[in-house]
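A quick note: this is a predicted structure, and the numbers were derived from the prediction, not measured. We number each residue from 1, following the sequence as shown. Atoms considered below: every heavy atom in the structure, side chains included; atoms not considered: hydrogens, waters and symmetry mates.
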Amino acid sequence: MSTVRRAAVVLAAVAALGLTACGPSDDDAKGGPGGATATPTKPAGPGPSATPSKPAKPVATPGKGSSGGSGGSSSDPDYDVFPCSTHDLKFTASLAEPTTSSYLLKITNKGSKACKALGHPSVTFGDLDGQATQRGAAPGIEHALRLEPGKSAYAGLMGGVKDGKGKTVNSIAMTMDTESDLTQTPLKAATPGLYVSPDKNSVTAWMSNAEDALSL
């Protein structure tokens, strides 16, 4: 090979090496240590926390406690008034009409709380069997007569005309309608010469005044 040809080959080799050195490196092409590094975007932080709203207060219902039960006060003034029993009362009987052996029965609340005089009194005559027949209708418990301490109620008792079939007694005994199995001690009252006809005796329901009790 001639000297000129050798020099041309050497120059071509040198030029090729120079081009290789100036081109991009493998690390640059791959984003390696020599290349630019992308900075990751930070995730957005949590926003301001929402303040939970306070639950609304329950609205009170008349006649019910805060739990919705039946406790607490009531709009019904009689919701805690119990039926009167003989334990709560003073009892008397006074002659109203001798011809029909009619007596005015009177009860008075001797307690410290109000009670309700329900229905008809249960009246027995001395040592005779049975009790007085109920005369007239009585209001239901929701409309029963309310007795405040010291207040009274009345009932009319009729033994009946002397028809030769009955007997005479000198006392009566009375218990109250409580719509329960409450044990009561009968209250007694003197009724000298009370004639009791087996077919005509009767007693009214409790009423607020004596006139109504005797006129029924």
Side-chain angles (χ1 to χ4, degrees), residues 77-216:
D78 291 340
Y79 83 102
D80 62 347
V81 178
F82 297 96
C84 300
S85 75
T86 57
H87 303 288
D88 308 310
L89 305 170
K90 178 183 177 182
F91 173 60
T92 61
S94 55
L95 181 63
E97 173 52 56
T99 304
T100 56
S101 293
S102 295
Y103 275 77
L104 178 66
L105 309 184
K106 178 182 178 181
I107 54 172
T108 302
N109 184 355
K110 66 178 183 179
S112 60
K113 295 182 178 181
C115 64
K116 282 189 172 184
L118 303 186
H120 297 72
S122 297
V123 179
T124 56
F125 302 98
D127 58 357
L128 301 181
D129 294 334
Q131 62 184 39
T133 303
Q134 294 181 356
R135 183 167 84 249
I141 186 171
E142 66 275 8
H143 300 297
L145 186 60
R146 175 181 174 133
L147 292 185
E148 299 292 342
K151 298 299 182 179
S152 300
Y154 306 87
L157 175 67
M158 184 171 66
V161 296
K162 295 182 179 181
D163 55 7
K165 300 178 181 179
K167 293 183 178 181
T168 299
V169 298
N170 295 315
S171 67
I172 58 173
M174 186 276 300
T175 56
M176 298 292 293
D177 178 7
T178 63
E179 293 193 348
S180 71
D181 57 358
L182 175 69
T183 301
Q184 300 181 70
T185 300
L187 299 179
K188 296 183 178 182
T191 56
L194 171 60
Y195 183 82
V196 182
S197 170
D199 302 321
K200 302 296 184 180
N201 71 82
S202 61
V203 65
T204 69
W206 293 113
M207 300 184 182
S208 59
N209 63 78
E211 290 76 10
D212 288 345
L214 292 173
S215 63
L216 183 62

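M176 approaches Q184 most closely through the heavy-atom pair O-NE2, 2.7 Å. The two atoms that bring M158 and T100 nearest to each other are CG-O, 3.3 Å, heavy atoms only. Smallest separation of non-hydrogen atoms from T204 and P121: O-CD, 3.3 Å.
For E179, there are no salt bridge (charged side-chain N to carboxylate O under 4.0 Å, His left out) partners at least two apart in sequence or on another chain.
In this structure the side chain of F125 never reaches within 4.5 angstrom of the side chain of K167, judged on heavy atoms. Put simply, the side chain of N109 does not reach to within 4.5 Å of the side chain of C84, judged on heavy atoms. When side chains are defined from C-beta on, N201 does not count as touching V123, because their heavy atoms never get closer than 4.5 Å. With a 4.5 Å cut-off on side-chain heavy atoms, F91 and T86 do not count as touching.
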Can you give the donor-acceptor pairs under 3.5 Å from side chains of residues 129-137 to other protein atoms, not counting sequence neighbours?
residue	atom	partner	partner atom	Å
R135	NE	L216	O	3.1
R135	NH1	S202	O	3.4
R135	NH1	S202	OG	2.4
R135	NH2	L216	O	3.2

Distance-only criterion, 3.5 Å: show the donor-acceptor pairs between side-chain atoms of residues 190-198 and protein atoms not counting sequence neighbours.
residue	atom	partner	partner atom	Å
T191	OG1	S171	N	3.1
Y195	OH	D163	N	3.4
Y195	OH	D163	OD1	2.9
Y195	OH	G164	N	3.1
Y195	OH	K165	N	3.2
Y195	OH	G166	N	2.6
S197	OG	D163	OD2	3.0
S197	OG	D199	N	3.4
S197	OG	K200	N	3.4

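Interatomic distance, CG of L187 versus OG1 of T92, reported as 10.5 Å (0.5 Å rounding). Note: F82 CZ to D88 CG = 11.0 Å, rounded to the nearest 0.5 Å. C115 contributes atom SG, which lies 9.0 Å from atom CG of L145 (distance to the nearest 0.5 angstrom).
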